[in-house]
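Report on the structure given below.
Counting begins at 1 with the first residue of the sequence. Worth knowing before you read on, the calculation uses all heavy atoms, side chains too, and leaves out hydrogens, waters and symmetry mates.
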Amino acid sequence: MIDRPILFAGRSGQLAVCLRDLATRRGLPAMALGRPELDLENREGIDKLIASIGPSAIINTAAYTAVDQAESEAARAFSINRDGAAALADVAWQMNIPLIHISTDYVFDGAKPDAYDESDIPAPLNVYGASKLAGEAAVLAAHPLATVIRCSWLYSPYGSNFVRTMLRLCETQQVVRVVSDQHGNPTYAFDLAEAVLRIAQQSVTEDRRAIAGIFHLGGQGEASWHDFAQAIFHECSRRGARIRALEAITTEEFPTAARRPRNSRLDSSKAERVFGIRLAPWRHSLQACLDQLVGGETDAEGNRAGWRQRNAPLSDHTSGQQAVASDL
């Protein structure tokens with residue numbers, strides 16, 4: 001039984017929104033804080049702020065995620081993703097409360113032919129990945145019992161992500177060109193949020209030593225960005241939405257400031273062994289996501305989602321990662 005709130009660091013990103021929504025549905029006490037109240041770039045007073053809340057656990061979804069922009073803003077990326085994360089971890093450790101820190105598949109270089117597990121040595125190709133890797137190390141140094149969760153290709157009805165980008169491009173482009181030689185695990189943010197909340201509850205009530213360290217959590221099944229786009233278009237067509245022609249391109253045909261790993265598939269079997277958690281197949285969860293987006297249901301904020309909803313807050317772990325040949 002959790003009687004004190006779970007604190008979500010980060011408020012407007014898609015994972016944070018999903019966490020808030022699920023916590024509300026389940027009657028779990030929770031509080032989400034973002035800028036300006038909780039600013040990982042300006043860390044003065046974080047300890048007093050968190051102490052005033054007295055959370056039962058902290059889930060850190062906040063991050064600098066502009067992958068290409070990070071190449072020219074390395075200092076800011078490291079300030080938020082390493083130093084800000086470490087500050088949260090230090091406060092949690094001093095208060096003796098659990099910390100769950102969200103990280104990324106971009107800590108890997110993509111050279112491995114198979115899915116990456118937690119024992120594989122990271123080698124990020126870009127500043128964003130390097131800053132997140134440094135953040136993992138800083139978090140675990142400050143809070144040795146923290147749980148670090150690497151996720152990949154996050155999508156949801158909220159924020160800026162690949163699924164919403166595809167829907168928007170169907171309205172603005174005659175042909176949508178998508179990279180077909182980068183592979184990963186599309187992950188529904190609601191599925192990840194459900195898993196993270198379950199882990200948070202375990203961390204409050206069980207021995208934290210058993211669940212400390214790094215874990216991978218991705219949707220079941222793999223895909224290229226082009227495969228993912230094909231599935232989105234197919235499901236939209238079944239729902240009566242207009243779709244466009246889809247063209248497969250190579251990474252070289254879609255140059256970006258930051259290099260992306262060709263393979264960022266994650267092996268999530270450790271999380272299944274330790275937590276008993278296995279996320280749903282991504283194709284199944286995609287249907288649930290599109291039921292909201294194309295069907296026009298409302299989100300946790302009471303805003304109407306739908307085919308024409310384009311302007312929304314940036315996501316926490318996918319902004320800037322889409323592999324689409326268009327102006328994003």
Side-chain angles (χ1 to χ4, degrees), residues 15 63 65 67 100-137 139-140 147-155 161-163 178-189 191-192 194-196 199 211-232 248-254 256 258-286 317-318 320-324:
L15 181 57
T65 61
V67 178
I100 298 173
H101 175 71
I102 306 300
S103 192
T104 176
D105 54 336
Y106 275 26
V107 299
F108 296 112
D109 63 7
K112 185 179 179 181
D114 304 315
Y116 284 93
D117 63 36
E118 294 82 354
S119 67
D120 287 314
I121 298 174
L125 296 177
N126 52 53
V127 169
Y128 165 71
S131 70
K132 291 296 289 181
L133 179 61
E136 293 180 1
V139 163
L140 291 171
T147 303
V148 174
I149 296 175
R150 292 174 180 153
C151 61
S152 70
W153 294 24
L154 208 62
Y155 68 93
N161 59 71
F162 187 79
V163 172
V178 182
V179 168
S180 62
D181 56 0
Q182 296 174 21
H183 295 80
N185 304 104
T187 304
Y188 190 33
D191 292 342
L192 181 62
E194 188 170 8
V196 169
I199 293 169
I211 58 176
I214 297 173
F215 296 85
H216 292 174
L217 269 176
Q220 287 184 55
E222 62 184 66
S224 69
W225 288 115
H226 185 264
D227 295 333
F228 196 10
Q230 280 187 315
I232 295 166
I249 62 173
T250 65
T251 295
E252 288 73 22
E253 292 176 280
F254 182 51
T256 55
R259 296 173 61 199
R260 268 72 167 173
R262 299 293 182 99
N263 169 37
S264 61
R265 294 172 295 161
L266 299 178
D267 180 340
S268 301
S269 57
K270 178 183 175 184
E272 185 173 6
R273 291 194 306 272
V274 174
F275 302 115
I277 290 173
R278 188 179 186 186
L279 301 192
W282 70 264
R283 291 181 184 273
H284 174 80
S285 296
L286 176 62
H317 283 91
T318 61
Q321 293 187 19
Q322 288 87 355
V324 183

Side chain Glu253, main chain Thr250, donor-acceptor under 3.5 Å: yes
So which heavy atom on Asp105 is nearest to which on Ser152, and how close? OD2-CB, 3.2 Å
Closest heavy-atom contact between Arg283 and Ala231? NH1-CB, 3.6 Å
State whether the side chain of Asn185 and the backbone N or O of Trp153 hold a donor-acceptor pair below 3.5 Å, judged by distance alone. no
Taking the side chain as everything from C-beta on, heavy atoms only, tell me whether Lys132 gets closer than 4.5 Å to His101. yes
Is any side-chain heavy atom of His226 closer than 4.5 Å to one of Asp181? no
Kindly state whether the ring of Tyr155 and the ring of Trp282 have centres lying under 6.0 angstrom apart. no
Side chain to side chain contact (heavy atoms under 4.5 Å, CB included) between Thr104 and Tyr128: does it pass, once the steps are laid out? CA-CA 9 Å; Thr104 176; Tyr128 165 71; 3.6 Å; yes
Does any non-hydrogen side-chain atom of Ile102 lie less than 4.5 Å from one of Cys151? yes
Once you round to the nearest 0.5 Å, how far does CZ of Arg265 lie from CG of Asp117? 12.5 Å
Do Lys270 and His216 come within less than 4.5 Å of each other through their side chains, counting heavy atoms only? no
Of all heavy-atom pairs between Leu217 and Ala195, which one has the smallest distance, and what is that distance? CD1-CB, 4.0 Å
Note: Gly218 and Thr187 closest approach over all heavy atoms is CA-OG1, 3.4 Å
When every non-hydrogen atom of Leu192 is compared with those of Leu154, the smallest separation belongs to CD2-CD1, 3.7 Å
Contact between Ile100 and Ile199 at the side-chain level, heavy atoms closer than 4.5 Å - yes or no? yes
Considering all heavy atoms of both residues, which atom of Gly129 and which atom of Val107 are nearest to each other, and what is their separation? O-CG1, 3.9 Å
Determine the interplanar angle of the Phe275 and Phe215 rings, folded into 0 to 90°, and report it as parallel if under 30°, tilted if 30 to 60°, perpendicular if over 60°. tilted
Separation of Leu125 CG from Phe108 CZ (nearest 0.5 Å): 11.5 Å
Taken to the nearest 0.5 Å, the spacing of Arg150 CZ from Leu266 CG works out to 8.0 Å
Is it the case that the side chain of Asp109 and the backbone of Pro122 share a donor-acceptor pair, with hydrogens and angles ignored and the cut-off at 3.5 Å? no
Angle between ring planes, Phe162 versus Trp225, binned at 30° and 60°: parallel, tilted or perpendicular? tilted
Starting at OG of Ser264, measure out to OH of Tyr116 and round the result to the nearest 0.5 Å. 8.5 Å
Can a donor-acceptor pair be found, under 3.5 Å and without considering hydrogens, that links the side chain of Arg260 to the backbone of Ala258? yes
Test item: Ser224 side-chain N/O and Asp227 main-chain N/O as donor-acceptor pair under 3.5 Å: yes
Spell out, as yes or no, whether a donor-acceptor pair under 3.5 Å connects the side chain of Lys112 to the backbone of Ala115. yes
CD-CG distance between Glu272 and Leu279, expressed to the nearest 0.5 angstrom: 10.0 Å
Starting at CZ of Arg259, measure out to CG of Asn126 and round the result to the nearest 0.5 Å. 9.0 Å
Just so I know, are the side chains of Val127 and Val67 near enough to count as touching, which here means a heavy-atom distance under 4.5 Å? no
Walk me through it: do Phe228 and Val163 pass the test side chain to side chain contact (heavy atoms under 4.5 Å, CB included)? CA-CA 8 Å; Phe228 196 10; Val163 172; 3.7 Å; yes
